[in-house]
Each structure stands twice: as C-alpha cells, then as structure tokens.
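FYI, side chains are in, hydrogens and waters are out, and symmetry mates aren't considered; it's all heavy atoms of this structure.
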Amino acid sequence: MSASKITVENGQLVIPNEVVIPFIEGDGIGADITKAMKLVIDAAVAKIGKRIEWKEIYAGEKAFNLTGEWLPQATLEAITEHIVAIKGPLTTPIGTGIRSLNVTLRQVLDLYACVRPVRYFTGVESPVKHPEQLDIVIFRENTEDVYAGIEWEASSDGAKALRAFLMNEFNIKLDEETGLGIKPISRKATERLMRKAIRYAIDNHRRSVTIVHKGNIMKYTEGAFRTWAYALAKKEFADILVLESDLNGSVCPKDKILLNDRIADNMFQQVLLRPSDYDVIVTTNLNGDYLSDACAAQVGGLGLAPGGNISDTYAVFEATHGTAPKYAGLNKTNPSSLILSAVMMLEYLGWQKAANAVVNAMEKTIQSKVVTYDLARQMDGATEVGTFEFAQAIVGQLV
C-alpha cells in the first residue's frame with residue numbers, strides 16, 4: 001500500500017496511517033545522522049501500526065551539486081505540498097557567500113516559531129550540579145529581529161544613504177566606517193508567537209509562560225515585544241493565566257498558568273540558579289538563539305537538543321547543531337539531536353505513543369552507557385559505538 005500526503009481540513013491536519021514525509025539529508029555529518037534517525041523512527045512507528053515513506057528533497061551542498069542551486073524551488077514546493085518535513089544540518093558560510101539556508105527556509109515558508117525543548121537525559125555528564133531541574137520549551141520568533149537580515153556593509157551606498165538619512169532627519173551622528181542593520185519587531189509577529197506558546201502550555205499541562213526581552217534598554221522593539229505579548233495573553237487567555245504581579249507572593253493556583261517576564265541578561269542567571277522555576281519561554285530571535293544554546297549546554301550540549309520551525313500549518317524539524325564536516329562519513333557523531341527532532345515531528349503528527357517510546361529507549365540506551373564518542377569520553381565505563389550502532393541500540397530498547 002502506498003503512503004499518502006498530509007492534508008488540511010478546516011484548519012486541522014489530517015494524518016494518514018502511512019504518510020509521506022520529505023527529508024533533507026543535510027551537509028557534513030547529515031548523511032550519517034539522517035540514516036540513524038530514519039532507522040529509529042521507522043522502528044518506533046511500526047510498533048504502533050504506522051509507516052513513514054521518506055521522500056528525499058535537496059538543499060545545501062547536495063542540492064548545489066545536483067542542480068546548481070543551494071535551495072531549489074522544487075524543495076520549497078515539496079514542503080508546502082507535504083506540510084511536514086525534517087532536515088539535517090546545512091552549511092552556512094560566515095561573512096560572505098550564500099545566505100543562511102536555515103533562515104531562508106524559515107522566512108520563505110513563514111515558519112515563525114522556532115520551538116526548542118531542552119531537557120536532561122539521566123546519565124549524561126553536565127557542567128551544572130542539577131541538570132535534571134531544567135525542563136523548558138523555548139518559543140523563539142523566527143522571522144524578525146536581526147535575523148531578518150536587513151543590513152548594509154560599512155561604506156556601501158546603502159549604508160551611506162541610511163547614515164545620511166539618520167543625520168538629516170534625526171540628528172543621529174555615526175562614524176563613516178559603520179555597518180548598519182535594522183531590528184524589526186512587529187505586533188503581528190509577537191502576537192502569533194505568544195498565542196502559539198500559550199496554547200502549547202495549555203495542551204501540554206505546563207505551569208508557566210515567561211516573556212524574555214531586553215525592553216529596559218530597547219524600549220520600542222524588545223519593550224514592545226513584552227507589551228504586545230502581555231496584551232495578547234490578557235485578551236485571549238485571561239481565564240487560564242495568572243500574572244505574577246497579581247499574586248503578591250502567593251502560589252499560583254494549580255488550575256492556572258503563571259505569566260511573567262524577565263530581562264534577557266537576568267534570564268541567563270535564572271536558568272542556572274533557578275531552572276525549575278521556568279517552563280515555557282517566549283522570546284525574540286536573537287535572545288532565543290543565545291538562550292536555547294546556553295540551556296542545551298546545561299544538559300549535555302547541542303548533540304541532545306532538538307528543534308522545530310513551525311507556522312500555523314507547515315513544520316520543518318531539524319538538528320540544531322552544525323555540519324561538523326571533519327566527521328562527515330566517519331559514522332562517529334551523535335544523532336540524538338535529529339532523532340529527538342523527529343520525536344517532535346511524531347508529536348506534531350499526533351503519534352505520541354511512538355514519540356514517547358523513542359525518548360524512553362534513548363534514555364535507557366544512554367543509561368546503559370552504550371553511546372557515541374562525545375558522550376563516551378565523559379562517562380566512566382562507557383562503550384563507545386558509532387552513529388548507526390547507537391541508533392541500533394536505541395531500537396533494541398524500544399518497547
């Protein structure tokens with residue numbers, strides 16, 4: 001029996017039992033970790049009577065070698081046609097060259113919410129004393145802020161024109177050798193991210209939602225993000241939310257969700273000193289970029305950090321680390337980030353039982369100390385295995 005595509009009816013996804021999922025293998029270690037991911041996910045969904053038919057699509061170096069394009073239009077069309085996709089890491093040149101393919105995918109498909117769950121797996125070495133206290137989900141705005149890419153190189157015609165405009169209209173004086181960028185933050189983008197984060201908190205029985213911003217300094221961008229986020233929450237979710245400022249030191253009722261906000265730099269302290277106080281975090285793009293990586297470091301690093309980029313319909317799940325080209329083809333790297341991103345995909349499809357089975361099997365595998373080199377070098381008595389062998393060990397633990 002051939003698999004079918006996901007469809008949308010009345011705003012809801014309709015998921016067939018045998019579904020076509022496009023995948024982008026990725027650059028560098030992408031081939032290794034994608035092979036491992038598919039092995040684990042295929043085994044897990046088979047146990048619940050489902051099946052994924054994987055459809056390869058192309059981006060990055062593989063796409064360029066095949067088509068002469070880094071991001072072919074056919075790839076974007078395949079994602080919109082099939083609704084849900086997953087990808088390995090893609091090459092992002094620094095300073096010059098092609099624009100970030102990851103950012104381009106998010107913006108072209110309007111994948112406005114970057115969702116990054118961070119939790120601890122027992123047995124993983126951590127730089128903090130109690131990594132198990134950190135269990136958060138970060139909702140990072142994906143289309144605005146500095147990642148909108150609105151900038152001009154120092155001494156370029158664009159920079160000169162903008163510098164002259166700022167001087168003539170606002171008496172803002174800037175050095176001639178100044179690169180310039182614009183940081184857009186809009187009410188629309190803020191509200192839809194906040195709405196998605198709160199709905200996630202409700203659906204997943206989370207205890208709190210925290211708005212993270214730098215509004216004490218950037219009052220009309222980061223500060224506006226805070227203001228608009230609070231306003232949306234009060235307007236649409238007043239019956240389920242309780243403001244921290246209204247509690248006067250008392251405990252939030254168990255049938256309510258606590259809503260608060262934190263200044264971005266203070267939040268970095270909070271996730272280290274009081275990690276159990278936080279649950280769902282909503283923040284701007286650059287803050288979310290820093291914070292999600294910093295939190296991942298507390299539980300073992302990016303090798304265990306999944307991610308998804310989600311709109312109101314489309315979703316592209318991805319490994320959150322880089323391409324690590326020096327390890328390409330060596331069957332050496334940890335595939336956990338991509339496997340856990342696929343777990344997020346299973347949850348998005350509504351296949352929660354398979355998602356839970358993968359997480360439990362991975363935790364048992366790590367506890368048994370059968371791990372890839374990055375974890376083995378930190379564990380006494382560990383058995384180091386390759387990328388694919390680690391995936392096979394996870395499959396062996398599936399129930």
Side-chain angles (χ1 to χ4, degrees), residues 112-120 130-142 144-145 185-285 287-288 290-292 294-295 298-299 308 310 312 344 347 352:
Y112 63 82
C114 179
V115 183
R116 293 279 298 272
V118 185
R119 55 148 291 179
Y120 177 67
H130 293 289
E132 73 282 354
Q133 293 181 4
L134 184 68
D135 183 3
I136 64 172
V137 181
I138 298 172
F139 280 73
R140 166 193 174 201
E141 207 290 316
N142 237 354
E144 296 190 324
D145 199 2
I185 302 287
S186 72
R187 177 190 287 269
K188 175 184 175 181
T190 301
E191 288 183 343
R192 65 183 184 176
L193 181 73
M194 187 65 174
R195 184 180 296 113
K196 186 173 286 291
I198 295 174
R199 285 177 176 165
Y200 176 91
I202 294 170
D203 292 343
N204 292 275
H205 310 291
R206 292 282 181 159
R207 301 168 291 106
S208 68
V209 175
T210 301
I211 305 161
V212 175
H213 59 93
K214 191 62 178 171
N216 57 325
I217 302 299
M218 308 186 78
K219 300 182 185 300
Y220 306 121
T221 51
E222 301 268 342
F225 180 87
R226 173 189 181 275
T227 299
W228 290 329
Y230 267 123
L232 182 282
K234 293 174 185 177
K235 178 181 177 181
E236 297 186 9
F237 300 96
D239 59 331
I240 193 68
L241 297 173
V242 173
L243 299 182
E244 183 178 67
S245 57
D246 291 341
L247 285 176
N248 296 316
S250 60
V251 178
C252 181
K254 291 184 178 180
D255 61 341
K256 303 289 185 179
I257 295 173
L258 177 66
L259 177 62
N260 55 23
D261 73 279
R262 297 290 183 267
I263 301 296
D265 47 320
N266 175 257
M267 192 65 200
F268 278 83
Q269 280 198 88
Q270 294 292 315
V271 293
L272 283 168
L273 301 177
R274 306 176 67 90
S276 61
D277 287 356
Y278 299 94
D279 207 336
V280 174
I281 291 174
V282 187
T283 190
T284 54
N285 193 293
N287 290 332
Y290 295 150
L291 190 60
S292 56
C295 289
Q298 291 181 225
V299 298
I310 304 171
D312 290 331
M344 292 179 68
E347 293 172 340
Q352 190 65 50

Checklist line | Any Val282 side-chain heavy atom under 4.5 Å of Phe225 side chain | finding: yes

Checklist line | Check against side chain to side chain contact (heavy atoms under 4.5 Å, CB included), Val280 and Phe139 | finding: CA-CA 7 Å; Val280 174; Phe139 280 73; 3.9 Å; yes

Check: Going through the checks in order, is the side chain to side chain contact (heavy atoms under 4.5 Å, CB included) test met by Arg226 and Tyr230?
Finding: CA-CA 6 Å; Arg226 173 189 181 275; Tyr230 267 123; 3.8 Å; yes

Item checked: Sidechain-backbone polar pair: Arg140 side chain, Thr283 backbone, donor-acceptor under 3.5 Å -> no

Notebook entry, point to check: Rounded to the nearest 0.5 Å, how far apart are CG of Asp135 and CZ of Arg119?
Noted result: 7.0 Å

Checklist line | Intermediate values then yes/no, side chain to side chain contact (heavy atoms under 4.5 Å, CB included), Met194 and Glu191 | finding: CA-CA 5 Å; Met194 187 65 174; Glu191 288 183 343; 5.7 Å; no

Margin query: Please determine whether side chain to side chain contact (heavy atoms under 4.5 Å, CB included) holds for the pair Asn287 and Glu222, giving the CA-CA distance in whole Å, both sets of side-chain angles, and the decisive distance to 0.1 Å.
Written below: CA-CA 10 Å; Asn287 290 332; Glu222 301 268 342; 2.9 Å; yes

Next item on the list: Look up atom CZ in Arg206 and atom CG in Leu258, then write down how far apart they are to the nearest 0.5 Å.
Entry: 14.5 Å

Next item on the list: Please round to the nearest 0.5 Å and tell me the distance separating atom CZ of Arg274 and atom CG of Leu134.
Entry: 14.0 Å

Check: Any idea which heavy atoms bring Ser292 and Ile138 closest together, and the distance?
Finding: CA-CD1, 3.5 Å

Checklist line | Approximate separation, where rounding is to 0.5 Å, of Lys234 NZ and Leu259 CG | finding: 8.5 Å

Note to self: For Lys256, is the NZ atom crowded, meaning more than 12 foreign heavy atoms sit under 6.0 Å from it?
What the structure shows: yes

Item checked: Side-chain touch Met267/Ile281, heavy atoms, less than 4.5 angstrom -> yes

Check: Heavy-atom distance under 4.5 Å between the side chains of Cys295 and Leu291, does that happen here?
Finding: yes

Margin query: How close do Ala233 and Ile198 get, counting heavy atoms only, and between which atoms?
Written below: CB-CD1, 3.7 Å

Notebook entry, point to check: Does any non-hydrogen side-chain atom of Lys214 lie less than 4.5 Å from one of Asp265?
Noted result: yes

Check: Does the Tyr290 side chain pair with the main chain of Ala264, one donor and one acceptor, at a distance under 3.5 Å?
Finding: no

Margin query: Which heavy atom of Val299 sits nearest to which heavy atom of Pro131, and what is that distance?
Written below: CG1-O, 4.0 Å

Item checked: Check: Glu144 side chain, Ser186 main-chain N or O, donor-acceptor pair, under 3.5 Å -> yes

Item checked: Donor-acceptor contact below 3.5 Å, side chain Asp279 vs main chain Arg207 -> yes

Next item on the list: Enter the distance from Leu243:CG to Asp261:CG here, rounded to the nearest 0.5 Å.
Entry: 10.0 Å

Margin query: If you define the side chain from C-beta out and look only at heavy atoms, does anything of Asn285 sit under 4.5 Å from Asn142?
Written below: yes

Next item on the list: Give a yes or no on whether a salt bridge exists between Glu244 and Arg262, defined as a side-chain N under 4.0 angstrom from a carboxylate O.
Entry: yes

Checklist line | Gap between atom CD of Gln269 and atom CG of Asn266 - 0.5 Å precision | finding: 6.0 Å

Checklist line | Set of side-chain hydrogen bond (donor to acceptor under 3.5 Å, both in side chains) partners for Gln298, sequence neighbours left out | finding: none

